[in-house]
Number of protein chains: 2
Amino acid sequence: MDAIDLRLIGLLRDNARSSYAELARQVGLSAPAVHERVGKLEAAGTLRAYRAEVEPEAIGLGVTALIGIIEDSGADTDDVLAALRIMPEIESCYFMAGVESYQLTVRVGTIAELEQLIVRINRTPGVASTRTAIALSTKWENRPQPGRDPAVG
Amino acid sequence: MDAIDLRLIGLLRDNARSSYAELARQVGLSAPAVHERVGKLEAAGTLRAYRAEVEPEAIGLGVTALIGIIEDSGADTDDVLAALRIMPEIESCYFMAGVESYQLTVRVGTIAELEQLIVRINRTPGVASTRTAIALSTKWENRPQPGRDPAVG
DNA sequence: TGAAGCCATGGATGCCATCGACCTGCGCCT
DNA sequence: AGGCGCAGGTCGATGGCATCCATGGCTTCA
């Protein structure tokens, strides 16, 4: 992980469909060298995936909400997590410090679907209560931040 | 926007670096046809960007937190937003219904940096108070959800 | 029923991914 | 000090891919 790797990561975060030739021009190496570096970053798990970012409204997912979950005192966290994992509407799931054990980002088509989702989560064994906040608008999402050398950090 | 477009979007959300030839095989069309469809989806803004998903720890961003912001009663929302926008640590920013006007996802390297960021946000004119919750672990993030035809939704 | 437009097909062409061979600089061992 | 081995680079070749263009079919609307 050196400065060139960080630049490659930055370039791929800006445009994951860049060709290796293009990346090579940008960082001043040959295409095979870039190919090998990117392959190693993928193998190391640093580059996890390449994803298209889609306008949610265009695919019928116009409602975004954040849901906090308070667990029952005796809840089995693994069971709760497994139940959450199979709900496709849950885009992100963080295990949090604080009263609310989980914080979810969810995406559905309509307020009615959001209601059904909340009911389903509340019925999940181990879930004591939920707190939902609806996003009126998304100012920005998943904005890439320039990486730093973790050794320096 | 038909079923094939939705499948193309799904394939690109799973792997944004798929070649057009590969996409064509998956959906049963020719490569030029896929090329044209994807181009139109990009032009329409449905496909916004292609991004590499990076392990945050590997680029020195191991601390994730969610911050809620309560605005001053007389705050100019545009000014607050502009101040937030120039903070690179803020990965996502939603304008919310409820007491907390904004909900942020932030990513920093250390708890000390998180503290500095919170101070900076609290000092921003128009910000009355903030509430921060730290993510102990990320169960999953940005999991793609199968799209639906928005006309049906 | 006819015409027009949209869209897929198939071929051609130049660029790209990718493999193998070789080179170079550095650290280590003798 | 000198040579060995390795990590990581360039170069060249080749097969596949992106992309443009001309052609032809299907649908839709008058």
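Just so we're clear, the structure is a prediction, and the values are computed from it rather than from any experiment. Reminder, nothing fancy here: chain letters follow the sequence lines and each chain counts from 1.
In the model, A:Tyr94 has no side-chain atom that pairs as donor or acceptor with a side-chain atom of A:Glu100 under 3.5 Å. In the model, B:Tyr50 has a side-chain atom that pairs as donor or acceptor with a side-chain atom of B:Glu42 under 3.5 Å. The closest side-chain donor-acceptor pair between B:Thr46 and A:Glu55, if any, does not fall under 3.5 angstrom.
Rounded to an integer number of Å, the gap from CD of A:Glu22 to P of C:dC16 is 9 Å. Atom CD of A:Glu36 and atom C1' of D:dG9 are 9 Å apart (whole Å). Between A:Ile4 atom CD1 and D:dT10 atom P there is a gap of 9 Å when expressed in whole angstrom units. For the pair A:Glu42 CD and C:dT18 P, the interatomic distance rounds to 10 Å; values are reported in whole Å. Taking atom CG of B:Leu23 as the reference point, atom C1' of D:dT19 lies 15 Å away to the nearest angstrom. We find that OH of B:Tyr20 is positioned 15 Å from C1' of C:dC15, with the value rounded to whole Å.
Within the 4.0 angstrom heavy-atom criterion, base atoms lie near B:Ser30. Within the nucleic acid shown, A:Arg17 has no heavy atom closer than 4.0 Å to any nucleic acid atom.
Linking Ile, Leu, Val, Met, Phe, Trp and Tyr whenever their side-chain heavy atoms come within less than 4.5 Å leaves A:Ile90 and A:Leu66 in two separate clusters.
When the nucleotides D:dT19, C:dC16, D:dT10 are ranked by their closest atom to the side chain of A:Ala33, D:dT10 comes out on top. Out of D:dA18, D:dG9, C:dC19, the shortest distance to the side chain of A:Pro32 is found at C:dC19.
For B:His35 and D:dT19, the shortest distance from a side-chain N or O to OP1 or OP2 is below 4.0 Å. Side-chain N/O atoms of B:Arg37 include none lying less than 4.0 angstrom from OP1 or OP2 on C:dC6. For D:dA7, neither phosphate oxygen OP1 nor OP2 lies less than 4.0 angstrom from any side-chain nitrogen or oxygen of A:Lys40.
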